[in-house]
Structures are given as C-alpha cells and as structure tokens.
2 protein chains.
Amino acid sequence: MKSSRITIKDIARIAEVVPSTVSAVLNGKEKSARISSALSDKIKKIADDMGYQPNSMAVSLRTGKSRIIGLIVENISNPFFALLAKELEDEIYKYHYRILYCSTENNDEKGAGQIKMLYNRQADGFIIAPSSGMNKSIKQLMQTKVPIVLIDRYFPELEVASTLVDNYKGVELGMKHLIEKGYKNIGFISVDINQAHMTEREIAYRNELELAGIKPNEKFQLKINYTIENKKEAIKKFLKENSALDAVFFATNYLCIAGLEAIADLEIQIPTQLAVICFDDHDLFHLFSPKITAVSQPIAEIAKSAVKLLVNQFDTKKYPVRSKEQILLAPKLIVRASS
Amino acid sequence: MKSSRITIKDIARIAEVVPSTVSAVLNGKEKSARISSALSDKIKKIADDMGYQPNSMAVSLRTGKSRIIGLIVENISNPFFALLAKELEDEIYKYHYRILYCSTENNDEKGAGQIKMLYNRQADGFIIAPSSGMNKSIKQLMQTKVPIVLIDRYFPELEVASTLVDNYKGVELGMKHLIEKGYKNIGFISVDINQAHMTEREIAYRNELELAGIKPNEKFQLKINYTIENKKEAIKKFLKENSALDAVFFATNYLCIAGLEAIADLEIQIPTQLAVICFDDHDLFHLFSPKITAVSQPIAEIAKSAVKLLVNQFDTKKYPVRSKEQILLAPKLIVRASS
DNA sequence: CTGAAAGCGCTTACAG
DNA sequence: CTGAAAGCGCTTACAG
C-alpha cells in the first residue's frame with residue numbers, strides 16, 4: 001500500500017499499453033478482448049508488483065453498482081440485531097457485498113433519513129427491520145426498484161420480500177406451555193406500537209387464553225412505549241398492581257431485561273412465584289436466565305434467507321424485478337430444566 | 001425518490017444555467033461564486049421540487065473523500081463490540097460519517113484483507129481493534145497516511161493513536177478485591193495470544209499475587225486458543241483438575257460465558273464455592289449474573305475518545321498528520337451486593 | 001487482436 | 001457575476 005495510489009493509467013504507461021487494455025485484463029476479459037496471454041501475464045505481473053488496488057468509487061460510479069448493502073435495524077447493540085449483523089456480514093460477503101448499518105431507535109424520521117442516505121450512497125440493496133411508521137419511506141424506496149428485504153417486521157400492505165419468524169406461532173408455543181403447566185393468570189407485556197409483528201404476538205396471547213377457556217383480563221396486559229425512559233419502574237408498578245399474576249410473557253427481549261430487573265427489585269422468585277417467558281431472546285439469555293422459558297428466533301436462518309431473497313433480486317434477468325416472496329421461519333420454544 | 005436519478009445536469013437544464021452553477025449553489029458557495037440570491041433561490045427550489053439527491057459516489061471520486069469510516073473488530077456480535085458499534089455510530093454521525101464494519105474473528109489474514117478492502121473503498125479513516133498479528137497490515141496502512149485509531153488493543157511498537165482501557169488497572173482492582181476478601185487460590189483464564197491487552201492483564205494477575213505474598217501457581221493459569229471449538233470443556237477440565245481454586249478471574253467476556261456454562265455443568269455454586277470475576281463485561285452480565293464481580297469498560301467513553309482522536313486527524317491543517325496520542329480510560333470494578 | 005474515445009456525476013480551478 | 005472545460009479513475013461500446 002503506497003501513499004499515492006496506483007491507477008490503471010500508471011500500469012498502462014509502464015506496460016506500454018492503453019488503460020482499457022489493463023482494465024480488460026484485470027477484469028478477466030482477456031478472452032473477449034482477445035488479448036495475447038503473454039501481454040495479459042505481463043500486465044498482471046506489473047499490477048501485482050505495483051500493488052495496484054482498484055478505486056471502488058470509480059468502479060461504482062461507472063458501473064452504477066456500489067456493492068454496499070444498507071442494513072437498517074432498531075438498534076445494532078441489541079443482541080438480536082448484533083447477532084443478525086454478524087450472520088449477515090458473513091452471508092453477504094459470499095457475494096462480495098459489504099454492509100453499512102444504521103440504528104433507527106424506532107424513530108420513523110431517522111429511518112427515512114437513513115434510507116435516503118443509503119440511496120445516495122448507491123446502496124445496491126436494503127435489508128430493513130422497519131420501525132412502525134417506515135411504511136411510507138419504504139414505499140417510496142420501492143419506486144426506485146432497488147432490491148429490498150424486510151426482516152423481523154413487515155407491512156402487510158407492501159408487496160416486498162420479507163423474512164419473518166412466525167410471531168403468532170411463537171406466542172402460541174409459549175402460551176400452550178404455560179397453560180399446560182397450570183398457569184391461569186398470565187400477564188403480557190408488549191411494546192405500544194401498532195406493528196404487525198407485535199400485534200400478532202398480542203392476538204396469539206388473547207386467542208390462546210380463550211382457547212384454554214380463560215377470559216382475557218385487560219388489566220393483565222401492559223403496553224410500554226419504546227421511548228419511555230424507565231421501563232423497569234413501569235413494569236414494577238404493573239406487577240405490584242397485579243399480584244394475582246402467576247406468569248408473565250414478555251413480547252420482546254429488552255422489555256424482558258427491564259422486567260427481570262423489576263422482578264429482582266421486588267424480590268419475586270422465578271419461577272416459583274412467577275413464571276417468565278421471553279420472546280426474541282438469544283444465547284446470553286439462555287445462559288444467564290436458566291429459569292426463564294424462551295421463544296427463540298433462528299438468527300442464522302433469518303440472515304441466510306434474507307440474503308437469499310436479496311440476491312435473488314440481483315440475479316433476475318429482467319432485473320430489477322421486485323420479489324414479493326415471504327419466508328416464515330419457525331421459532332423454537334426453549335424450556336430449561338428448572339422451569 | 002424517483003426511479004431514474006436526478007442529476008445536477010437535469011436541474012441546470014430546467015433552471016437554464018450551467019451545472020457548475022447548480023453545484024456552487026447546492027454546496028453553499030453562492031457567496032464566493034457571487035451568484036445572485038434570486039437565482040440561487042430558484043435553483044434550490046427546483047432541486048427540492050425534483051427531489052434531487054447527490055450521488056455520493058461521484059462526490060467521493062471527485063473529492064477523494066468517501067465519508068466512510070472502516071470499523072474492524074474481532075466480532076460485531078460480541079456484546080462489547082456491538083455496544084461499541086452503536087456508540088460509534090452515534091458519535092461519528094455528528095461528523096456526517098458512516099461506518100462499514102468487519103469482523104476479523106481474530107484472523108490476521110482476514111483482517112489484512114478487510115483493511116485492503118476498506119482502503120479500496122476509500123475509507124477516510126479506520127477504527128480498529130486489531131487481532132494479534134495485524135501489526136504488519138496496520139503498519140502498511142500507516143504508510144498511506146490515512147487516519148487510524150486503534151481501540152481495545154494496540155501495538156507498543158506502532159506510533160498510532162489509540163484509545164485503551166487500563167488493562168493492568170482493571171485486573172489489579174479485581175485481584176485486590178479478591179485478596180481483601182481472603183481468597184488465596186485464584187485461577188486466571190485468558191486467551192492464548194501474545195497481545196499487549198492480554199499480557200498486561202496476565203502480568204497484573206501475577207504481580208498482584210506476589211504483592212499479596214502468594215506464589216503464583218502455574219497450574220492455576222489456563223490459556224485458551226480463540227479458535228478452540230469447545231471452550232467449555234477446556235474450562236471444565238481445568239476446574240476439575242484444580243479443585244483447590246476458590247476464585248477464578250476470566251480475562252475476557254466470552255471465556256467467562258463458556259466458564260459460567262462449565263461451572264453450571266459442574267454444579268459449582270457462585271460465589272460460595274467459587275468466586276468469579278470477569279473482565280470486558282457489559283450490561284447483560286450485570287443483569288443476569290449478580291453473583292459475579294465485573295471489571296467494566298466504559299464503552300461510551302471509548303467511542304467518544306476514539307472518534308475524537310480520529311477527527312483530530314481530519315482537522316489538522318497540515319493534514320495528514322498522524323496522531324500518536326494514546327488515551328487510557330479507567331475501568332470500573334462492579335461488585336454486586338451478593339458477592 | 002489493440003487503441004481511442006466517451007461518459008458515469010460530480011467539483012474545482014480558470015477564463016471572461 | 002456566470003460559463004466552459006478539465007478531470008477524479010474507472011468501464012464499455014466501438015473503430016480499425
């Protein structure tokens with residue numbers, strides 16, 4: 001790596017050919033450009049010796065492809081998204097793409113700005129876990145024909161590819177488990193948004209209660225706003241007011257974290273005094289909270305199928321053709337021995 | 001956002017001016033280009049109405065600046081790096097930069113390739129938590145004069161800016177705590193690499209033992225290779241062979257995770273049968289393992305100071321001037337009530 | 001087989 | 001005050 005960059009012009013000068021010949025050789029087009037293998041080898045050797053590295057910006061400008069994928073998630077530090085980011089990195093690398101990530105923090109305007117930014121940067125594709133109001137900005141983005149895959153969350157009204165975990169099924173598994181175990185007063189703590197992945201979980205909760213012949217009690221449900229500072233206190237208040245609860249279902253992982261803190265503060269014993277189930281959990285939960293039951297999302301599978309859905313759109317001969325395929329992966333119920 | 005992109009040419013045509021005028025206006029150079037405010041307003045309005053978005057690739061090619069920062073870490077899904085990634089995202093955004101991340105998995109060649117890739121992509125700066133053998137590729141990178149900041153790990157022989165946590169201090173704090181509490185047979189489990197951040201922790205362990213008048217016992221130290229598949233089994237074996245241990249110090253978080261699994265398997269009680277201290281921990285550890293003592297790294301501060309060291313190098317009038325500044329942050333010992 | 005030229009979308013001297 | 005031109009580093013028709 002030299003201080004001043006080597007360009008194909010430099011190589012061309014030394015090899016005494018014209019830059020386009022260098023370009024053809026370095027792009028493996030010797031055959032179609034019918035360049036002698038002697039010359040081709042000479043050029044390759046010079047490029048190698050000089051430590052030539054192509055300028056991706058120039059390539060992108062010329063070809064219109066950046067080989068960058070925009071990843072937009074709620075928060076990259078959330079273990080679920082962090083694990084997903086790693087799996088996506090590995091998976092997308094196989095296709096020679098790289099990821100530029102953004103955290104929306106569930107802020108629709110922030111997300112819209114990030115879409116715009118990534119589009120300006122000529123992102124070749126988008127993988128988005130959208131916040132609840134991003135349907136508008138995603139709809140706009142769809143008009144550009146750029147490949148998009150939604151993950152984790154989706155909008156039923158948008159015809160766009162998505163990889164989801166069966167949210168309904170996940171809560172159903174968890175609820176059936178609790179009910180089988182004889183729990184009757186089951187609370188449900190979810191995020192206060194009107195977004196399909198969350199409402200599906202809520203509907204499953206209510207349906208499963210009714211299937212078990214238990215009338216849902218409005219008081220046993222708590223919806224917490226993402227932006228609320230002190231989630232722990234909200235949950236503490238809820239638990240105190242509903243001492244009849246014998247089990248609680250957290251619809252997402254960060255609420256469960258806050259909830260476990262609240263439970264610790266209140267010195268409630270898990271699972272003897274209160275059974276706990278958490279959706280959206282991950283390895284660390286399994287390790288550190290052997291007493292809570294988990295609805296686990298198959299993160300590696302999510303990444304694999306999201307990338308597949310994305311590159312399918314690249315491959316299409318009649319590119320760009322929007323894929324509308326939806327992949328629904330099965331969640332897994334993880335019951336620890338002690339619960 | 002339209003399907004076909006709007007360029008300054010389009011705007012120029014409609015405004016009946018030449019593209020350079022549009023460029024000047026849109027870059028806030030009306031003053032120096034002495035363009036009438038009437039014309040300037042007209043151009044701005046047209047750009048707005050047409051939804052003009054500049055092509056970052058073209059800007060980058062022309063200006064030589066990509067506004068991309070390359071982030072290279074061991075593993076983006078490691079909670080320490082995931083939290084760092086979020087803090088860096090927020091911090092660097094203030095300067096209108098974006099992050100392209102890469103996980104080395106402690107593989108030097110992989111890391112070298114990632115440096116090369118990011119350099120090709122014209123990254124304006126690098127934030128790197130290097131693996132042990134990356135000193136060569138970083139030395140090469142330094143020759144290009146591109147701003148670099150090392151985080152978490154460094155190479156004493158390289159004159160490059162870095163933000164570190166005082167590793168020695170961290171282990172010292174933990175060891176003094178254990179010794180005060182009366183523990184005598186303290187084990188130390190670290191990563192089998194010859195890298196400053198790790199060796200400093202190890203030296204602190206041995207020094208603190210000696211300071212306390214305890215002769216270090218070679219058998220009480222375990223070094224585990226990063227690539228080893230089954231770290232849990234290695235730790236189980238170590239713990240079984242050293243039943244005399246009354247405390248164990250994990251030099252890094254993923255070893256502690258494996259260790260806690262091993263400890264659970266062996267049905268050893270923390271802290272009554274074995275006290276546990278973990279370096280490099282994070283919020284989740286605090287939450288789920290109230291019984292282990294933590295040496296905690298100030299992640300937000302690390303991000304802030306790394307970004308500061310980086311942008312300082314951008315700001316330099318005599319750019320590029322390599323900063324050699326090293327910031328050493330203090331770790332914190334977190335002792336939970338129950339330990 | 002090989003080379004000259006155009007152009008991707010910008011910005012930046014420079015000319016008038 | 002405003003416009004014409006060059007050029008960032010590539011790739012891609014096209015001409016011979």
Side-chain angles (χ1 to χ4, degrees), chain A residues 2 4-44 46-47 50-68 119-124 144, chain B residues 2 4-44 46-47 50-68 119-124 144:
Chain A
K2 296 269 287 294
S4 60
R5 291 174 168 278
I6 314 292
T7 70
I8 51 169
K9 251 171 152 174
D10 300 321
I11 297 171
R13 192 164 18 80
I14 294 179
E16 296 178 313
V17 293
V18 89
S20 41
T21 308
V22 178
S23 172
V25 170
L26 263 27
N27 287 302
K29 298 196 177 155
E30 304 99 318
K31 287 272 160 57
S32 53
R34 283 170 298 176
I35 293 161
S36 73
S37 65
L39 180 57
S40 154
D41 288 350
K42 177 184 167 195
I43 291 173
K44 278 182 194 155
I46 293 172
M50 298 180 76
Y52 170 71
Q53 296 290 339
N55 180 327
S56 315
M57 293 298 166
V59 175
S60 295
L61 179 59
R62 180 60 231 244
T63 61
K65 296 275 148 270
S66 63
R67 303 209 85 83
I68 281 181
Y119 184 69
N120 292 357
R121 285 188 183 265
Q122 320 295 114
D124 292 341
T144 69
Chain B
K2 299 269 288 294
S4 60
R5 291 174 169 277
I6 315 290
T7 70
I8 52 170
K9 250 173 155 175
D10 300 322
I11 297 172
R13 193 164 18 79
I14 293 179
E16 296 178 311
V17 293
V18 90
S20 40
T21 309
V22 178
S23 171
V25 169
L26 264 27
N27 287 303
K29 298 193 177 155
E30 304 99 317
K31 287 271 159 58
S32 53
R34 285 172 295 178
I35 293 162
S36 72
S37 66
L39 181 56
S40 157
D41 288 350
K42 177 184 165 193
I43 291 173
K44 278 181 193 157
I46 291 173
M50 298 180 74
Y52 170 72
Q53 297 290 340
N55 181 328
S56 316
M57 293 297 167
V59 175
S60 296
L61 179 59
R62 183 58 230 247
T63 62
K65 296 278 149 268
S66 62
R67 303 210 85 83
I68 283 181
Y119 184 70
N120 292 357
R121 286 188 182 265
Q122 320 296 112
D124 292 340
T144 68

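Throughout, a chain's letter reflects where its sequence line sits, starting with A, and its residues are numbered from 1.
B/Ser36 comes within 4.0 angstrom of sugar-phosphate atoms only, judged by non-hydrogen atoms across all strands, and of no base.
A/Ser40 places no side-chain N or O within 3.5 Å of a backbone atom of A/Val25 that could act as its donor or acceptor partner. No donor-acceptor pair under 3.5 Å is formed between the side chain of B/Thr21 and the backbone N or O of B/Val17. The closest donor-acceptor contact from the side chain of B/Ser60 to the backbone of B/Lys65 lies under 3.5 Å.
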Every protein N/O within reach of nucleotides 13-16 of chain D N/O, cut-off under 3.5 Å:
none

Distances under 3.5 Å between protein N/O atoms and the N/O atoms of nucleotides 8-10 of chain C, please, pair by pair.
residue: C/dG9; atom: N2; partner: B/Ala58; partner atom: O; Å: 3.4
residue: C/dC10; atom: OP1; partner: B/Tyr52; partner atom: OH; Å: 2.9
residue: C/dC10; atom: OP1; partner: B/Asn55; partner atom: N; Å: 3.4
residue: C/dC10; atom: OP2; partner: B/Ile8; partner atom: N; Å: 3.0
residue: C/dC10; atom: O5'; partner: B/Tyr52; partner atom: OH; Å: 3.3

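In this structure, A/Asn55 and B/Asn120 have side chains that are not in contact, with every pair of non-hydrogen atoms separated by 4.5 Å or more. At a threshold of 4.5 Å between non-hydrogen side-chain atoms, the residues B/Ile68 and B/Arg121 do not count as touching. Between A/Tyr52 and A/Lys44, every side-chain heavy-atom pair lies at or beyond the 4.5 Å cut-off. With contacts defined as side-chain heavy-atom distances shorter than 4.5 Å, the pair A/Ile6/A/Gln53 does not qualify. Using a 4.5 Å heavy-atom threshold, the side chains of A/Arg62 and A/Met57 count as separate. Side-chain atoms of A/Pro19 and A/Lys9, non-hydrogen and from C-beta on, do get closer than 4.5 Å to each other.
Nucleotides D/dC1 and C/dA13, compared at atom P, are 22 Å apart to the nearest Å.
Consecutive Watson-Crick or G-U pairs involving DNA chain C, each under 3.5 Å on both distances, make up stems of three or more pairs at C:1-3 with D:14-16, C:5-12 with D:5-12, C:14-16 with D:1-3.
The distance from atom NZ of A/Lys42 to atom C1' of C/dC1 is 15 Å, rounded to the nearest whole Å.
Residue B/Lys65 has no polar side-chain atom (N or O) positioned under 4.0 Å from OP1 or OP2 of C/dT11.
With rounding to the nearest 0.5 Å, the separation of CG in A/Asp10 from OG1 in A/Thr7 is 3.5 Å.
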